[in-house]
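Indexing begins at 1, ligand by ligand and atom by atom, following the structure's order.
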Amino acid sequence: MLRLWNAISCLLLASALPALSAQTQSFENSAIVRTIELGGSLVHVTTTFAVKALKADASVYTITIPAEEIYITNWLEVKVKGNQEPLTVTYSGSAGKAHNLDVSLEKPLEVGETINLVLETVQTHATWPWPPQAAQKEEQALKYQTPLFVLSPYITNVQRTKLKASSPRIISHTTPENVDDFTLENPVTKSGATVTYGPYNNVPVSANQEFIEKYQQSVQLHYSHDYTVLEVLKLRRSAEISHWGANLNIQDDIILHNAGPELKGQFSRLDYQTQLFYGSSVHHFLTSFTVQLPGGIRNTYYYDQIGNVSTSRLRTAPSPARGQKNAQSSVLELWPRYPIMGGWNYTYTLGWDAPLADSASYDASTGKYIVSVPVMTEIPGSVVNDAELTIILPEGATDVEYVGPFPAHSDELSTHVTYLDTVGRPSITFKYKNLTNKHVKPIYVSYKVPLTAHLRKPMAVATVLLSLFTFAMIARRVDLTIHKKTTKDV
Ligand SMILES: *[C@@H]1O[C@H](CO)[C@@H](O)[C@H](O)[C@H]1NC(C)=O
Ligand SMILES: *[C@@H]1O[C@H](CO)[C@@H](O)[C@H](O)[C@H]1NC(C)=O
Ligand SMILES: *[C@@H]1O[C@H](CO)[C@@H](O)[C@H](O)[C@H]1NC(C)=O
C-alpha cells in the first residue's frame, strides 16, 4: 500500500527515468482491463494487467498513472490475482505526464512466463454534480471524467475500459476520436449501466509524451445517481484509554456534508413528506445512514447542535471473544433531526464506551500494554477530507510507541491534563487527509504504566476527597459565622 501524496514529494528527488528504457522490453501486456465503479465521493478502479515476460529475470513491473489521476488517487494496492498479500510498490518518478510506480514481483519471471497483476485504486472527489443545482423534486446526476487509454511503458496487445454507473440511466457519454489505429469497430458501446471503451488493439508503448499528445483524450460520463453523495468535512476522534475504569471511550465530532447538487429554491417539508410517502426521488437527501460500531459497547450517545437525537436505533452485538477474527459489529442507524439536502452540513457528535479488554492486551515479556484504536468508523460511500485522531493514554504512561496502518500527514506526542490528573496523560495526535473505506484500520499503541502511576489516581482521589472534606468543614464554620453575624444584625 502506498500513499501517493507522500510519494509525490519524492518526485523532486527522483530524477527523470533513464532506467525506464532498459526495462521497456522486459514485458508485454497481453491484455489490460480497467473497471471503474462510479460512486459519489469515492470511485473504485480495478485494473487487471495480463503480463508476459519477454526477458529472463524480469522482476520489476512498472505501472503508469496519468497526471490527471495521481492527485485524486488516495489509496492504491497491487496484488497478484488470487493472492491476498499486496506487492511492494515504489514511486519511481515521472516521464512528462506519466507517473510511474515500480511493482516488485515476489520472484523474477522466466521468458514467456505470464502473471496477472491487479491494481486497485480509490479516487476521491472525482465526480461532480451536474447540473450543480437541483430542485427538491429533481433527480441527481453526476459527471466523471477519465483518460481514455491506460498508459504503459510496455506494448499492449489489447485493452479496454468499463465504466459502471450506479443506474442504467446514463445521460451521455463521450465518443472518442482518432482511435482508428486501434479499432475498426465501434470505439464505445453501452449496455445497461456499463459503458465500454475498446477493445483497442496493438497499442504501442504509451507512457510517453508523444503517445499522450497524439492519442490520449478525456472521456466523460454523465449519469443519474440514486445515492447521497457524502463527504465528512471534518472528523475529530478522541480515544481515551482508562485502566482505572477498564474503559476505552471513543468520541467522534463530525461535520458531514451533502456534496450532491445544491438545493435550488426553498426546502419544503410538505413536498418532502409526499416524496417519502410515494418513495420517489429522495435518494440525494440524507434521511438516515448506518454505521458499524464495535461489539460490547455501552453508553452510546449521539447529539447534534440542538441536543440529544433520540431517533437513532442501536443494535448492540456482544463483545468479541478473545482472538476472534470476524467479530460481530453493533449496528447504529442514525436519523438526523431533519433531512440533509444538497449543499447542507450536519454537525454531530457520536460516542461510546467499550470494555478496554476488547482492544487491549498485556505483553508480560516487555511489561507493555498494547491497545488498538481504529483510525475511523466508515460512513458508507463517504470520503473523510480531514481527520484528526487523538489517543489519550493513562496517566503516567511511559515508553510510548505506536504504529499506524499507513503514514499519517503528521503525528505528535504531547501531554493532556484532565481533572484528577496529577502529572497529565500522554496523548498522541494523528492527522490525515482524504480517508476512504480502505483506511478503516487500527493504530497500535504500546506503553508501560508503572505501578506508582496506578497508585497515583487513588492518591489523587483521596487527596481531593480530603480537601473537599476540609473545605466543607471550613465552609461550615464560615457559614456559621456569617449566620451568627446576620442574626446579630437583625
Ligand atoms: C484530497 O483529494 C483531493 C482530490 O481528490 C485533492 O485535490 C487534494 O489535494 C487531496 N488533499 C490532500 C491533502 O492530499
Ligand atoms: C440523552 O438521551 C439519553 C437516553 O435517552 C439519556 O440517558 C441522556 O441523559 C440524554 N443526555 C442529555 C444530555 O440530555
Ligand atoms: C459547511 O462546513 C464547512 C466547514 O466548517 C464550511 O466551510 C461551510 O461553509 C459549511 N457550509 C454550509 C452550507 O454551512
Close N or O approach (H125, ligand 1; < 3.5 Å) =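 So ligand 1 has an N or O lying under 3.5 Å from an N or O of H125.
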Any N/O pair K433/ligand 1 closer than 3.5 Å =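 The answer is no, given that K433 and ligand 1 share no N or O pair closer than 3.5 Å.
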At a 4.0 angstrom heavy-atom cut-off, what protein residues surround ligand 3?
->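 These residues qualify: L233, I255, G343, N345.
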Any ion pair linking [Y] and [X] (charged N to carboxylate O, less than 4.0 Å)?
X    : Y    : answer
D252 : R237 : yes
E120 : K438 : yes
K431 : E412 : no

Name all residues meeting the ring pair (Phe, Tyr, Trp, His ring centres under 6.0 Å) criterion together with [X]; count only those two or more places apart in sequence or in a different chain, and write none if there are none.
X    : answer
Y227 : H225
F211 : F149, Y215
W344 : F267

Using the ring of W128 (Phe, Tyr or Trp, six-membered ring only), decide whether K143 places NZ or CZ under 6.0 Å from its centre and within 45 degrees of its axis.
->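 No, K143 does not sit over the ring of W128.
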Mark up the atoms of ligand 1 that fall under 4.0 Å of a heavy atom belonging to N74, in ascending order.
->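 Counting from 1, the qualifying ligand atoms are 2 (O), 5 (O).
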Under 4.0 Å from a heavy atom of I72: give me the atoms of ligand 1 that qualify, with their elements.
->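 Per the distance check, 4 (C), 5 (O).
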Could you tell me whether T124 approaches ligand 1 through its side chain, its backbone, both or neither, with non-hydrogen atoms closer than 4.0 Å?
->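 The answer is both.
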Could you check whether the rings of F285 and Y272 sit parallel, tilted or perpendicular, using 30° and 60° as the cut-offs?
->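 Answer is tilted, since the angle falls between 30° and 60°.
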